[in-house]
Amino acid sequence: MMVSGQADAKILVVDDERDNLLVIAEQLRGAGYRAVTTVFDPFEALTLLAANHFDLLLLDIMMPGLDGFGVMARMQQMGAEKQCPVLVLTARMDEKTRLRALREGARDFLSKPFLEEELLCRVGNLLAMHLAQSHLATLNHSLEAAVQERTLQLEERNRQLAQSQLEVLERLGRAAEFRDNETGLHLVRMSRYAERLGQALGLDEPTTTLLLHCAPMHDIGKVGIPDAILLKPGPLDAGEWGVMRRHPEIGANILAHSRSTWLETSRVIALSHHERWDGMGYPQGWHGEQIPLFGRLVAVADCFDALTSARPYKPAWPVARVVKTIQEESGTHFEPRLVEAFVAILPDLLAIKAQHSDGENG
Ligand code: C2E
Ligand code: SIN
Ligand code: SIN
Ligand code: FE
Ligand code: FE
């Protein structure tokens, strides 16, 4: 009847009657249990319980000084790892005592006097249950550890993936800007302008960070524009302008059909950054809030940097003229609310500009 592992189960027997203790210990040892501890003083029992792990406690109820209920109550205060199943030994087996013992932590009862066979049966059952539970708990624990380890690995992998995506995005943006803007500082500045403008609008941190990382993609479609047009020192003729105006759609096509939030956000920005509030922009001719917010916002940031910088086709303008132009275009080119925010944070934008100046524009 003894299940494997039971022979080494640690059993503590607590009974103030020494004769009882001796009989129980002898019967348990006779049945093959090798780790039986007996104690007649309930306080000593508590000391043992606090310091050791037991798999089963055989506990007398009526004891002087501290009864079995008191022992169970203090045991329960010891913390989960000190808990073990309790088999209550008692002569007084009225309904009330029985219920109270169950309520207060007993698993099973044995009424004194008891038959040896009944003792061994109940002990065997409780131990089998307890050992199975412990085994299960250990399994669960290692399973949890394995899952946690795997989760950490996946998180690290995702982080690396996100990092390399970000890097690819950055390089893609640079590739586009490289030909008409060799230092790449236009992208750094305009994306920081866009981020700052987003903050001024009250967008939350994840949103402004998304904006910061996606805004540099706005002109990715310029990779499809020939050098003869892109780098032309003077104004474009109608045919050249027709080609140039295709860069938002070229960019959107490059970025299309991705499950990545970053690429999708970049696509929306590339497509909509030359729309105008009054509907006179390109390629869709959207107006007002038809234009995605990021597109409206990047339009302001992009133009502010384009106007304050030298381009192959134009010199850098003085800041005062740039601000005046952007204000004049409030309600036509730009959303008025954005122009107001732009003016309010102008000192911050100028600080960003000074910090990332390539010397082309003083
Ligand atoms: P970009 O140089 O990055 O300029 C972005 C936007 O800044 C322009 O979009 C425009 O809204 C604004 N911007 C730039 N320069 C001026 C300016 O002198 N006056 C005014 N009012 N706004 C200005 P836009 O006009 O749709 O142009 C898109 C892109 O087309 C420009 O990007 C640039 O690469 C090219 N482009 C525009 N005009 C010319 C040009 O006259 N010659 C050449 N070679 N390229 C041009
Ligand atoms: C424990 O889970 O170790 C205490 C309860 C029991 O096993 O019966
Ligand atoms: C990713 O996990 O795909 C990167 C972040 C994002 O695109 O949302
Ligand atoms: Fe553009
Ligand atoms: Fe640009």
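Order of appearance sets the numbers: ligands from 1, and atoms from 1 within every ligand. In what follows, every heavy atom counts, from backbone to side chain, and hydrogens, waters and symmetry copies are set aside.
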Original post:
Below 6.0 angstrom between ring centroids: does that apply to His135 and His130?
Top reply: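 That pair fails the under 6.0 Å test.
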Atoms of ligand 1, numbered as shown, that sit under 4.0 Å from any heavy atom of [X]:
{"X": "Asp219", "result": "3 (O)"}
{"X": "Lys314", "result": "15 (N), 16 (C), 18 (O)"}
{"X": "Arg311", "result": "1 (P), 2 (O), 3 (O)"}
{"X": "Asp302", "result": "5 (C)"}

Original post:
Side chain of His247, backbone of Met244: donor and acceptor closer than 3.5 Å?
Top reply: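 Yes, because the side chain of His247 sits within donor-acceptor range (under 3.5 Å) of the backbone of Met244.
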Original post:
Does Gln27 reach the main-chain N or O of Leu119 with its side chain, forming a donor-acceptor pair under 3.5 Å?
Top reply: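 No, Gln27 side chain to Leu119 backbone: no donor-acceptor pair under 3.5 Å.
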Original post:
To which of Cys303, Gly281, Pro235 does the heavy atom nearest atom 6 (C) of ligand 1 belong?
Top reply: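 Heavy atom nearest to atom 6 (C) of ligand 1 belongs to Cys303.
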**OP:** Would you indicate which of Tyr313, Tyr282, Trp317 comes nearest to atom 41 (O) of ligand 1 when only heavy atoms are counted?
**Re:**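 Comparing heavy atoms across Tyr313, Tyr282, Trp317, the nearest one to atom 41 (O) of ligand 1 lies in Tyr313.
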Original post:
Does Phe334 have Arg276 sitting over its ring (NZ/CZ under 6.0 Å from centre, angle to axis within 45°)?
Top reply: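 Ring-cation test returns no.
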**OP:** Would you kindly check if the NZ (Lys) or CZ (Arg) of Arg98 is within the cone defined by 45 degrees around the ring axis of Phe109 and under 6.0 Å from the six-membered ring centre?
**Re:**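 Yes, Arg98 and Phe109 form such a contact.
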**OP:** Tell me, please, if Asp219 has any N/O/S atom, main chain or side chain, under 2.8 Å from the Fe ion (ligand 4)?
**Re:**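 Checking the Fe ion (ligand 4) against Asp219, an N, O or S atom does fall under 2.8 Å.
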**OP:** Examine all N, O or S atoms of His273, backbone included, and report whether one is under 2.8 Å from the Fe ion (ligand 4).
**Re:**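 Yes, His273 qualifies, because one of its backbone or side-chain N, O or S atoms lies under 2.8 Å.
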Contact with ligand 1 for [X], non-hydrogen, under 4.0 angstrom:
{"X": "Ala299", "value": "no"}
{"X": "Arg245", "value": "no"}
{"X": "Ile229", "value": "yes"}
{"X": "Lys222", "value": "yes"}
{"X": "Pro312", "value": "no"}

**OP:** Show the numbers, then the answer: is there a salt bridge (charged side-chain N to carboxylate O under 4.0 Å, His left out) between Arg189 and Asp305?
**Re:** CA-CA 7 Å; Arg189 286 188 302 259; Asp305 198 61; 2.6 Å; yes
Original post:
Going by an N to O cut-off under 4.0 Å, is there a salt bridge joining Glu26 and Arg29?
Top reply: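 Answer for the salt bridge query: no.
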**OP:** Report the distance from atom CZ of Arg103 to atom CZ of Phe69, rounding to the nearest 0.5 Å.
**Re:**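 The CZ atom of Phe69 is 8.5 Å from CZ of Arg103, to the nearest 0.5 Å.
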